[in-house]
Asker: 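Okay, handing you the structure first.
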2 protein chains.
Amino acid sequence: MASKRKKVNFELFSLGSSSGVAYKNKALKKQIIQFIDNRGSSSITELSKELTTSVPKTTALVGELITEWLLQDEGKIDSTGGRRASVFGLVSDACFFLGVDVKKYHINVGLMDFQKRMVTHKDKLPFKMENTAESLKKLIQLIKDFISHSQIERARILGCGINLTGRINQHTGHSYSFYHFKEEPLAEVIQQEIGIPAYLENDSRSMAFGEFYSGELSSERNVLFVNLDYGIGLGIVVDGKIYYGRSGFSGEFGHIPLFDNEIICHCGKKGCLETEASGWALIRKFKERLEKGSSSSAVKKNTSASEITLEDIITAAKNEDTLCIELLSEIGEQLGKGLAVLINVFNPELIILGGTLSETGDYIRLPARSVLNKFSLSLMNNDTSLRISRLGERAGVIGACLIARLKVINNT
Amino acid sequence: MASKRKKVNFELFSLGSSSGVAYKNKALKKQIIQFIDNRGSSSITELSKELTTSVPKTTALVGELITEWLLQDEGKIDSTGGRRASVFGLVSDACFFLGVDVKKYHINVGLMDFQKRMVTHKDKLPFKMENTAESLKKLIQLIKDFISHSQIERARILGCGINLTGRINQHTGHSYSFYHFKEEPLAEVIQQEIGIPAYLENDSRSMAFGEFYSGELSSERNVLFVNLDYGIGLGIVVDGKIYYGRSGFSGEFGHIPLFDNEIICHCGKKGCLETEASGWALIRKFKERLEKGSSSSAVKKNTSASEITLEDIITAAKNEDTLCIELLSEIGEQLGKGLAVLINVFNPELIILGGTLSETGDYIRLPARSVLNKFSLSLMNNDTSLRISRLGERAGVIGACLIARLKVINNT
DNA sequence: TCAACTTTATTAATTTTTTTATTAATTAAT
DNA sequence: ATTAATTAATAAAAAAATTAATAAAGTTGA
């Protein structure tokens, strides 16, 4: 049982800026952990090459990491032509990381172990995101409940990533769009309550990171993740790292002025991409079409057209409702124009469509792709693949866990 | 005299992937050079802290670098309360780097020393950029001439950066838009001819890098450079490094589909930013206005309206020609809409307006700023300053030299 | 002006790391 | 099946780096 081990040495993750051989050894051990984290279980020889330290030295360091319960011997690797090497990997239950994905009408929570495996998760816990102190209190309570149900002692949970919509300064821990009641960073407030270091992140960026790290393990280093929900978010991964911009407000893709319409966006401006290509736009268009006499299976007996949700439309589309499919195609086309902008500017290897709306798959992807090709240079759009998220609803929680994990391990 | 020293140890810059203490020392020495390169002349104590290596060890390494003619003792630093420390800096004439900026009607060439100082430069050498073998031959000849006039022995020039417009794959050394006559990378071809390692780069990226590294030495890490010429280019600096994208085609900002007009762009598509906010657009608008009866001092007796150049319009604007100023303001406004897109997506610390058109300064900057504020979220545009290039025409050559220099020093 | 304090540089002693050599484990070939 | 070849792990020897101590060069304040 996990509770039997008390010796795990977490100090490693918080090396101060000292010097001397003790410090150097700590840094080397951290490098070992990071290398194994990225490339999987490794042999002494591999580690020795990576760290440019001699084999005996590396052996000693790995030995220490094993007594500190951070690494474990995983047996011999398949032969490479001579004596088989022992490989060493992370101890899965050495420590854990929490991820909380806060949505409009529910939250997803999950717990990830040291080996990046989700050990527990609760999807779609009912919760209403409102900009009130009560809502925040409720959220914190839900997190606390999840922790106590998880049976994992709090001291072994080293970090908690929390996704919120809106403008987040990940660095300071401030959330500006929601729960901004005092000057103290929201991350700090939550940390005090749950007793675990908390890291705030914008939902789209978190999903981007989740998808990048665990959805696609190919060689892509520059990936854009488009979060299609009521609004449109963008997570940017440059050279394998999340891009933040000056104050962490990067990725306000939904509000680029791409259209010449007269529709007022939530942000107060006209012509934003969100006015034509988002979940809000979809609902607006849906209502407009109903008013013009169209019909749809999305409107059931018990719901009136005015209280239709995004989920309703998506479900209807999946059941091949003609109007919904038609509208999704329209949305996809408008989105394609926006994606063309991104391709021209970023020349990315991959654009991932995620978020609720992406559940409709090719209904939105194919029109987007075709318009995108029309509006971007062919030399460039040939380079970029456009894919639907593989993690789906899970991307957020996984991303949140991974961010917390990286924060702790890299001590940043 | 520079020619007296033959001992400079350039091997340092090409450390292979070996191991052992010899390799480690080489790597440490390289780190020392890089640190001093970034932070200026440093003392043993500072270096020792940076490398996390003991003072005696650092002293030995610095000693070696001095005998290798790469570092020099620059005397004592001002007191910090105790014995004054010796500081060590790069030997300025240890090696040199060439930069070539190829424009439509001229080239700029320059030579930079190890300390990042321009030692020689020739601005606006007459040259016509045409996509022919003769044009390329002429270009190479101009470079050769510059080298022989510079009086610096070729072996001390360790790299040559070359800026071209159009699509460049910096990594492979291919130029796709110009001089693409054989499969062999253009960089390779030029390198063979001039006998110096050549590095190709897109002009806007090069200018961005030049401006970033030597124009603004503040703390900005995320900077966008907009190259306003006949076309519109974009150089992206993320976390202090040039952003390339998948195949090095990033920054095709001029061709984002931002307008709903019917003007066919050079790229073959409609509605590109370039159709409204570029040098081409400026000239088109100018001609349209003349046809409608406007008059301008830009049209002199000897030039007809049909052969007016960008330079003419800029000069006229500087001489307060009403029509030109009016048109520049228009261009600025359209540009502002494009910049709003960039700000929303990147949340950059700084956007620099460079290139020929930027010489008009506030005539284009102020309208751009005001429209930009209108079209981007105020929380974000407050973060971003919009400045005119400080290096002006020089940005390209300086960037080219710096890129070659970095390539060599970082061995990438 | 001079002692007390700081910081840097150098040397000597000690610890740590790398090298080299040896042994062990495994595969491929005769 | 046995031997040669290959790779890994360990042990002992040699080399290298750090630490600690000391000297040198300044500054500051009574």
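In what follows, every chain begins at residue 1, and chains take the letters A, B, ... in the order their sequences are listed.
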Asker: By nearest nucleotide on DNA chain D, pick out whichever of A:Ala85 and A:Ala22 is the more 5' one.
Answerer: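 It is A:Ala85, whose closest nucleotide lies nearer the 5' terminus.
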
Asker: I need the CD1-C1' distance between B:Ile44 and C:dT8, as an integer number of Å.
Answerer: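 Distance check: B:Ile44 CD1 to C:dT8 C1' gives 10 Å.
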
Asker: Under a criterion of less than 4.0 angstrom to any heavy atom of chain B, what are the 5'-terminal and 3'-terminal contacting nucleotides of DNA chain D?
Answerer: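 Taking any atom under 4.0 Å from a heavy atom of chain B, the span is D:dA17 to D:dT27.
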
Asker: May I ask which nucleotide in the shown strands pairs with C:dT30, Watson-Crick or G-U wobble, both distances under 3.5 Å?
Answerer: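 Here C:dT30 is engaged in a pair, and the nucleotide opposite it is D:dA1.
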
Asker: Could you walk me through whether A:Thr53 and A:Thr58 pass the side chain to side chain donor-acceptor pair (under 3.5 Å) check?
Answerer: CA-CA 6 Å; A:Thr53 58; A:Thr58 311; 2.8 Å; yes

Asker: Considering only NZ, NE, NH1 and NH2 on the basic side and carboxylate oxygens on the acidic side, decide whether B:Lys49 and B:Glu46 come within less than 4.0 Å.
Answerer: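 Salt bridge absent between B:Lys49 and B:Glu46.
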
Asker: Please tell me whether A:Asn25 and A:Lys57 have a donor and an acceptor in their side chains that are separated by less than 3.5 angstrom.
Answerer: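 Side-chain D/A pair, A:Asn25 to A:Lys57: present.
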
Asker: Are any protein N/O atoms closer than 3.5 Å to N/O atoms in nucleotides 14-18 of chain C? If there are, list each pair with its distance.
Answerer:
unit_1 : atom_1 : unit_2  : atom_2 : d
C:dT17 : OP1    : A:Asn25 : OD1    : 3.3
C:dT17 : OP1    : A:Lys57 : NZ     : 2.7
C:dT17 : OP2    : A:Lys57 : NZ     : 2.9
C:dT18 : OP1    : B:Lys24 : NZ     : 2.5
C:dT18 : OP2    : A:Ser54 : N      : 3.2
C:dT18 : OP2    : A:Ser54 : OG     : 2.6

Asker: Across the strands shown, which category fits B:Ser43 at heavy-atom distances under 4.0 angstrom: base, sugar-phosphate, nothing?
Answerer: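 No contact at all - B:Ser43 keeps every heavy atom at 4.0 Å or more from the nucleic acid.
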
Asker: Salt-bridged, A:Arg246 to B:Glu220, with N to O below 4.0 Å?
Answerer: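 Salt bridge absent between A:Arg246 and B:Glu220.
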
Asker: Can a salt bridge be assigned to the pair B:Glu349 and B:Arg221 using a cut-off of 4.0 Å between side-chain N and carboxylate O?
Answerer: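 Answer for the salt bridge query: no.
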
Asker: Less than 3.5 Å apart, any donor N or O on the side chain of A:Gln31 or A:Lys26 sitting next to an acceptor on the other?
Answerer: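 Short answer, no.
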
Asker: If only side-chain N and O atoms count, and only distance matters, is there a donor-acceptor pair under 3.5 Å linking A:Glu201 with A:Tyr244?
Answerer: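 Yes, because at least one side-chain N or O of A:Tyr244 sits under 3.5 Å from a partner of the opposite role on A:Glu201.
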
Asker: Tell me whether the rings of B:Phe13 and B:Phe114 are parallel (<30°), tilted (30 to 60°) or perpendicular (>60°).
Answerer: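 Rings of B:Phe13 and B:Phe114: perpendicular, as their planes differ by over 60°.
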
Asker: Taking CZ from A:Arg83 and P from C:dT23, how many angstroms apart are they, rounded to a whole number?
Answerer: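 From A:Arg83 CZ to C:dT23 P: 13 Å.
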
